[in-house]
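This is a predicted model, so every value here is computed, not measured.
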Amino acid sequence: MSDAIAFLSPRADVLAGRARIVADLTDLLPPECLVYEARELVPFETDAFVSYRRLPLAVALPRTTAEVSAVMRYCHRYGIPVVPRGAGTSLSGGAIPQEDAVVLGLSKMNAILDIDLPNRAAVVQAGVTNLNISDSVSADGFFYAPDPSSQLACTIGGNIGMNSGGAHCLKYGVTTNNLLGVKMVLVDGTVIELGGKALDAAGYDLLGLVCGHEGQLGIVTEATVRLIAKPEGARPVLFGFEASEEAGACVADVIAAGIIPVAIEFMDKPAIEICEAFAHAGYPLDVGALLIVEVEGSEAEMDATLKDIVAIARRHGVKTVRECQSATEAALIWKGRKSAFGATGRIADYICMDGTVPLSQLSYVLKRTAEIVDHYGLRVANVFHAGDGNMHPLILFNANDPEDAARAEAAGNDILKLCVDAGGCLTGEHGVGIEKRDLMRHQYSEADLAQQMAVRAAFDPGWILNPSKVFPLEGRPAT
C-alpha cells in the first residue's frame, strides 16, 4: 500500500539545503521547539492513516502565534513546504509529511485563553484538546458540542482543519456550526483575525471557507468557539433490529417525521460484538443492528420524544428497546460507541471510511457496502453517525499482507464512489487528505475543481501548504 498513493516529488533545492534550513530554524525557535534528528522525527512520519509514512525534513513546535508567523515567513521566502499538524489523529492522512517539508506542530499551543460565559464563548489556542474545552466549563453548566471519537486526544486546530463532527452533531452541528472566530497565520507570515464573539461577523464569510481547509489556506493558532448550556437531562436508548436494512429505514423515518434527537448512532453485528467485548456496555448480542438514540430535555420531553421514536421503530420490527437506568449505564453506552475504532484495532488492522449519503439511501448503501467488501474477500464492521448519514465502515484486513492491504484500499474506494453515486459525498468529517484525493474527480467536474484550486491558490500561490493533499496531482496550476 505504501506506493499506491503518489506524493509530489520532493523539491531538490530544499533537500540540498537541509543543513542551512535547520540552522536557520534554530535561530527562530528555542531548542525544545525544533526536532531534526532522524530518530526523533519518526513519531511525526505519519498520522492515524498509518498505511503511509514519510520522514519530514524537520518539525517546528512553536509556542506562540509570533513564532508560527516567523516560521511561515521563513518557509515562504525559500519555498519550503509546510505540513500543519495537530494531534496526528487524522484518518485521511492529512498530517502525513514528505521529505522536503517542515511539519509545523501546534501541540505546545495548548492554553485556554478566555472563558466568556455571558457571551457563551471560549477563546483557545489551536493545540487545546477537544474534550478539554468541555471539561473547563462543565462545572458552570456548559459544554462544547462537537465530540469526535478521538476527542480525548484531537485538538481544536485539527478539528477546524477537517470540520470534524461527532456523535452529537445531529442536533448541534459540526465544527463550522460551533466556530465563531479564528486567528490565522497566512503563508507569508501575515496574521489575520476572522469572526469573533459576535454571532454574525461583517464582510465575506471567510471563516466558513477556513473551516475544513485541511491546512492549505493558513495556520490557525487560536479559535473562538461557541459554548452551549447543558440540557436539563439526557437519556440514551438502545434499539436492536434483526438486520441493518431495518435499522437504516428506521433512521430515515425518524428524521422524516421531524424528530431530531441529540444523536442516532448505528452499529451492525460485527461492531456490536467488538465494542461489547471491549466496553461491556450491555449491548444486546442477539440482534443484527443497533441504534443508540439519545434524547434530551425535561423528563416529560424525553418521554414524549421516545414514545414517538419507539412507535416508528416498532413499524420496522425492532426486537429490543432498552433505556439506560443510571448515569453510569449511560456513560458505558457511550464508552462502547466512542471506543469503536480502538476496540476494532484489537482484533484486526482496518481502514475507516468516511462517506456521507442521503438518509433515504442508508439501507441501500449498507447492503451494497456488504456486497462490495464480500467481493474483495474481506470483512466489514459498520459504526457511524446514522442521523446525518455519515458512514464509517471499518474494512478489516491484514496490514502485513500487501495483497490484502491492496484489496482493502480498493474496497474502500468503491464504497466512497458508491456514496457519491447515491447522492452523497466523499467525506463527512475526516477530510480528503491523501486518502480521497484521487477520488475528487468522481465527485467534482474539472470546472468545479479548477474553481476550488483557484481559491486555494489565492491564499498560497506557491502551493507550499500541505501540498500533496486534497486535489489530484494532475491538473494543478503551475507554481
Participant: Would you kindly say whether Asn398 and Asp404 are connected by a side-chain donor-acceptor distance under 3.5 Å?
Facilitator: no
Participant: For the residue pair Phe397 and Tyr376, establish whether any side-chain heavy-atom pair is separated by less than 4.5 Å.
Facilitator: no
Participant: Let me confirm one number: the CD1-OG distance from Ile5 to Ser51, rounded to the nearest 0.5 Å.
Facilitator: 8.5 Å
Participant: With side chain to side chain donor-acceptor pair (under 3.5 Å) as the criterion, how do Asp354 and Asn390 come out once you've worked through the C-alpha distance, each side chain's angles and the decisive distance to 0.1 Å?
Facilitator: CA-CA 7 Å; Asp354 174 45; Asn390 187 189; 2.9 Å; yes
Participant: Quick check for you: to the nearest 0.5 Å, what is the distance between Gln151 atom CD and Ile156 atom CD1?
Facilitator: 11.0 Å
Participant: Compare all side-chain heavy atoms of Val383 with those of Arg337 and state whether any distance is below 4.5 angstrom.
Facilitator: yes
Participant: Short question: side chain of Glu429, backbone of Gly166 - any donor-acceptor pair under 3.5 Å?
Facilitator: yes
Participant: Quick one: which residue pairs count as a salt bridge (charged side-chain N to carboxylate O under 4.0 Å, His left out) with a foot in residues 84-106, not counting sequence neighbours?
Facilitator: Arg54-Glu99
Participant: Once you round to the nearest 0.5 Å, how far does NZ of Lys108 lie from CG of Leu29?
Facilitator: 10.5 Å
Participant: Hey, could you give me each pair passing ring pair (Phe, Tyr, Trp, His ring centres under 6.0 Å) that has a residue in residues 151-185? Not counting sequence neighbours.
Facilitator: Phe143-Tyr172, His168-Trp334
Participant: Hey, could you give me the CZ/CD distance between Arg11 and Gln98, rounded to the nearest 0.5 Å?
Facilitator: 8.5 Å
Participant: For residues 413-426, pull every pair meeting salt bridge (charged side-chain N to carboxylate O under 4.0 Å, His left out), keeping only residues two or more places apart or in separate chains.
Facilitator: none
Participant: I want to check something: taking the side chain as every heavy atom from C-beta on, are Ile264 and Ile292 in contact at a cut-off of under 4.5 Å?
Facilitator: no
Participant: Looking only at atom types and distance, does a side-chain atom of Asp268 sit under 3.5 Å from a main-chain N or O of Asn382, one as donor and one as acceptor?
Facilitator: yes
Participant: Is Met353 close to Leu416 at the side-chain level, that is, under 4.5 Å between some pair of heavy atoms?
Facilitator: yes
Participant: Can you tell if the side chain of Ser164 reaches within under 4.5 Å of the side chain of Pro146, non-hydrogen atoms only?
Facilitator: no
Participant: Listing request: all ring pair (Phe, Tyr, Trp, His ring centres under 6.0 Å) pairs with a residue in residues 417-453, at least two apart in sequence or in separate chains.
Facilitator: His392-His430
Participant: Dump the intermediate steps for side chain to side chain donor-acceptor pair (under 3.5 Å) on Asp135 and Ser138, then the final yes or no.
Facilitator: CA-CA 5 Å; Asp135 286 347; Ser138 178; 6.0 Å; no
Participant: Begin from the C-alpha positions of Val191 and Leu186 and carry the test side-chain contact (heavy atoms from CB on, under 4.5 Å) through to its verdict.
Facilitator: CA-CA 6 Å; Val191 180; Leu186 300 181; over 6 Å; no
Participant: Do any pairs count as a side chain to side chain donor-acceptor pair (under 3.5 Å) and have a residue in residues 59-72, sequence neighbours left out, and if so which ones?
Facilitator: Arg63-Glu67, Thr65-Thr221, Ser69-Arg73
Participant: Residues two or more places apart in sequence or in another chain: which of them pass salt bridge (charged side-chain N to carboxylate O under 4.0 Å, His left out) with Asp438?
Facilitator: none
Participant: In the structure I gave you, are the side-chain heavy atoms of Arg368 and Ile415 within less than 4.5 Å of one another anywhere?
Facilitator: no
Participant: Going by the rule ring-ring contact (aromatic ring centres under 6.0 Å, His included), which residues pair with Tyr74 if we only count those two or more places apart in sequence or in a different chain?
Facilitator: Tyr78
Participant: Judged by atom type as modelled, is there a donor-acceptor pair below 3.5 Å linking the side chain of Asn163 to the main-chain atoms of Cys211?
Facilitator: no
Participant: Do Asp460 side-chain atoms and Leu465 backbone N/O form a donor-acceptor pair below 3.5 Å?
Facilitator: yes
Participant: Determine whether a donor-acceptor pair (N or O, by modelled atom type, separation under 3.5 Å) exists between the side chain of Thr344 and the backbone of Ala340.
Facilitator: yes
Participant: Is it the case that more than 12 heavy atoms not belonging to Leu15 sit under 6.0 Å from its CG atom?
Facilitator: yes
Participant: If you count the non-hydrogen atoms of other residues, nucleotides and ligands that lie under 6.0 Å from CZ in Arg476, is the total more than 12?
Facilitator: yes
Participant: Is Gln443 reaching over with its side chain to a backbone N or O of Leu426, donor-acceptor style, under 3.5 angstrom?
Facilitator: yes
Participant: Going by the rule salt bridge (charged side-chain N to carboxylate O under 4.0 Å, His left out), which residues pair with Arg437 if we only count those two or more places apart in sequence or in a different chain?
Facilitator: none
Participant: Checking side-chain contact (heavy atoms from CB on, under 4.5 Å) against Phe49, which of Thr89, Ile434, Leu91 comes through?
Facilitator: Ile434
Participant: Using ring-ring contact (aromatic ring centres under 6.0 Å, His included) as the criterion, list what pairs up with His213, not counting sequence neighbours.
Facilitator: none
Participant: Using only atom types and a distance under 3.5 Å, with no angle test, would you say the side chain of Asn466 pairs donor to acceptor with the backbone of Lys469?
Facilitator: no
Participant: If I compare all heavy atoms of Cys275 with all of Gly336, which pair ends up nearest, and what's the gap?
Facilitator: SG-O, 3.4 Å
Participant: Report yes or no: does Ser445 contribute a side-chain atom to a donor-acceptor pair with the main-chain N or O of Asp448 at less than 3.5 Å?
Facilitator: yes
Participant: What distance separates Tyr283 OH from Glu273 CD, expressed to the nearest 0.5 Å?
Facilitator: 13.5 Å
Participant: Please list, chain by chain and in numerical order, all residues satisfying ring-ring contact (aromatic ring centres under 6.0 Å, His included) with His76, sequence neighbours excluded.
Facilitator: none
Participant: Can you confirm whether Tyr144 sits close enough to Val225 that some side-chain heavy atom of one is under 4.5 Å from a side-chain heavy atom of the other?
Facilitator: yes
Participant: Atom OG of Ser468 and atom CD1 of Ile96: how far apart are they, to the nearest 0.5 Å?
Facilitator: 10.0 Å
Participant: Do any pairs count as a salt bridge (charged side-chain N to carboxylate O under 4.0 Å, His left out) and have a residue in residues 168-187, sequence neighbours left out, and if so which ones?
Facilitator: Lys171-Glu296, Lys183-Glu193, Lys183-Glu222
Participant: Just by modelled atom types, is the Ala153 backbone N or O under 3.5 Å from a matching donor or acceptor in the Thr129 side chain?
Facilitator: no
Participant: Between Thr427 and Thr356, is any pair of side-chain heavy atoms under 4.5 Å apart?
Facilitator: no
Participant: Determine yes or no for a side-chain-to-main-chain donor-acceptor pair under 3.5 angstrom, with Asn178 supplying the side chain and Val174 the backbone.
Facilitator: yes
Participant: Just wondering, more than 12 heavy atoms not from Glu32 lying within 6.0 Å of its CD?
Facilitator: yes
Participant: If you count heavy atoms of other groups shown closer than 6.0 angstrom to CD of Glu40, is the number above 12?
Facilitator: yes
Participant: Can you name the ring-ring contact (aromatic ring centres under 6.0 Å, His included) partners of Phe459, sequence neighbours left out?
Facilitator: none
